[in-house]
Amino acid sequence: MCGIAGIIGLSSKDVSVDLMNLFLKTQSHRGPDATGVWSENEVCLGHNRLSIIDLSDSANQPMMVDRLVMVYNGEVYNYLEIRKELEKLGHQFKTQSDTEVILHAYSEWGQGCVNRFVGMWAFAIWDQTQNRLFASRDRFGIKPFHYIHKNGEFHFASEIKTLRVSPLFSNDLNLNQVARGLQMGWVCYQDETYFECVKSLPAGHSMVYEQGNLTIS
């Protein structure tokens with residue numbers, strides 16, 4: 001288990017980093033092995049790492065390949081097969097991690113790369129060239145991805161508790177989801193959570209955030 005978080009839209013880089021550090025502290029239990037923050041202009045990505053595959057510091061996150069930056073929670077079980085295919089296409093790797101394989105796969109195949117993955121994941125990739133965020137969640141929704149999109153800003157994290165410290169958060173309850181939770185024990189329903197302002201990326205879905213616009217498919 002790892003923790004991912006992101007902030008897009010705050011005008012001050014310093015404010016973004018300070019808020020990200022608070023995000024990561026809130027979900028520090030998700031990854032005790034390393035904590036990392038990457039920031040540029042209005043974008044800040046953070047990661048709490050629980051080391052599983054490549055235990056070296058070189059596999060810490062946020063991870064960069066060319067102009068792509070990623071935070072990732074999960075495991076792609078067939079990453080070795082995908083890596084061999086990418087190596088035949090000319091890609092070179094610096095780590096033994098599946099994280100780097102996902103980045104190279106996105107670089108080679110774009111958003112369709114997720115169709116090749118077998119496993120469980122929630123990740124977000126910031127493309128510095130296109131100024132675009134691509135995020136994806138595994139087919140069964142094993143790994144969580146929660147977000148708030150409000151007032152031209154976009155914040156995401158592995159846990160709702162993390163987003164509660166966001167200035168975008170409000171305590172307005174989603175009473176429909178409260179009823180589902182009490183009657184059926186459902187934590188989420190489609191993209192709904194217990195709070196009106198917090199959404200969940202549905203299982204088996206991908207998301208593109210670009211110029212303040214959000215597209216889910």
Side-chain angles (χ1 to χ4, degrees), residues 2-11 16 19-20 23 37-47 61-74 76 79 82 86 91 98-160 162-163 166 168-169 188-193 196-217:
C2 294
I4 64 174
I7 299 167
I8 303 177
L10 285 178
S11 57
S16 297
L19 180 58
M20 177 56 65
F23 278 10
V37 175
W38 176 89
S39 180
E40 181 181 77
N41 299 326
E42 80 283 7
V43 181
C44 188
L45 301 179
H47 189 262
Q61 299 180 44
M63 181 178 287
M64 294 186 65
V65 169
D66 297 327
R67 298 285 290 173
L68 303 174
V69 190
M70 183 173 76
V71 287
Y72 159 56
N73 169 31
V76 174
Y79 78 99
I82 297 173
L86 288 166
H91 291 261
D98 56 340
T99 307
E100 189 179 11
V101 172
I102 293 175
L103 276 166
H104 281 273
Y106 181 80
S107 176
E108 181 67 31
W109 298 304
Q111 299 173 22
C113 67
V114 295
N115 297 320
R116 298 170 178 263
F117 300 156
V118 176
M120 53 183 180
W121 66 83
F123 67 76
I125 298 175
W126 176 254
D127 187 328
Q128 294 176 275
T129 302
Q130 300 296 326
N131 289 324
R132 176 190 301 145
L133 184 82
F134 173 71
S136 177
R137 193 174 179 205
D138 64 82
R139 296 171 182 84
F140 291 97
I142 298 172
K143 296 301 182 180
F145 190 102
H146 301 291
Y147 66 93
I148 302 176
H149 183 209
K150 184 178 179 182
N151 299 331
E153 294 187 26
F154 181 75
H155 298 181
F156 69 86
S158 292
E159 299 188 7
I160 294 175
T162 307
L163 293 174
S166 165
L168 302 182
F169 180 82
C188 295
Y189 175 70
Q190 297 180 352
D191 69 340
E192 297 183 45
T193 73
E196 288 285 355
C197 67
V198 180
K199 300 298 182 182
S200 176
L201 181 61
H205 283 65
S206 296
M207 168 193 295
V208 173
Y209 182 81
E210 187 174 16
Q211 296 181 346
N213 298 314
L214 193 63
T215 303
I216 297 175
S217 58

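What you see below is based on every heavy atom in this structure, not just the backbone, and it leaves out hydrogens, waters and symmetry mates.
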For a quick test of your reading: what N or O donor-acceptor pairs under 3.5 Å do the side chains of residues 126-140 make, sequence neighbours left out?
residue, atom, partner, partner atom, Å
D127, OD1, T129, N, 2.9
D127, OD1, Q130, N, 3.0
Q128, NE2, E40, OE1, 3.1
Q128, NE2, E40, OE2, 3.0
R132, NE, E210, OE1, 3.4
S136, OG, W121, NE1, 3.0
R137, NE, K143, O, 2.6
R137, NH1, S200, OG, 3.4
R137, NH1, L201, O, 2.6
R137, NH2, G141, O, 2.9
D138, OD1, F140, N, 3.1
D138, OD1, G141, N, 2.8
D138, OD1, I142, N, 2.9
D138, OD2, W121, N, 3.0
D138, OD2, I142, N, 3.3
D138, OD2, K143, N, 3.1
R139, NH1, F117, O, 2.8
R139, NH2, V114, O, 3.4
R139, NH2, F117, O, 3.1

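- Partners of T162 under the side-chain hydrogen bond (donor to acceptor under 3.5 Å, both in side chains) rule, at least two apart in sequence or in another chain, are Q27.
- The stretch residues 113-124 participates, sequence neighbours left out, in these salt bridge (Lys or Arg N to Asp or Glu O under 4.0 Å) pairs: E85-R116.
- Nearest heavy atoms, C2 versus N73: N-OD1, 3.0 Å.
- For Y209, the ring-ring contact (aromatic ring centres under 6.0 Å, His included) partners two or more places apart in sequence, or in a different chain, are H149, F154.
- Judged as a salt bridge (Lys or Arg N to Asp or Glu O under 4.0 Å), not a single pair has a partner in residues 61-70 (not counting sequence neighbours).
- Checked options T99, V37, V71; the residue passing with P62 is V71 (criterion: side-chain contact (heavy atoms from CB on, under 4.5 Å)).
- Nearest heavy atom pair, residue V198 against residue T193, reads O-OG1, 2.8 Å.
- By the side-chain hydrogen bond (donor to acceptor under 3.5 Å, both in side chains) test, H146 pairs with no residue at all, sequence neighbours left out.
- V76 places none of its side-chain heavy atoms less than 4.5 Å from the side chain of F123.
- Residues meeting the ring-ring contact (aromatic ring centres under 6.0 Å, His included) test with F145, sequence neighbours left out: F156.
- Contacts of Y72 classified as side-chain hydrogen bond (donor to acceptor under 3.5 Å, both in side chains), with partners at least two apart in sequence or in another chain: D98.
- Contacts of H91 classified as ring-ring contact (aromatic ring centres under 6.0 Å, His included), with partners at least two apart in sequence or in another chain: H104.
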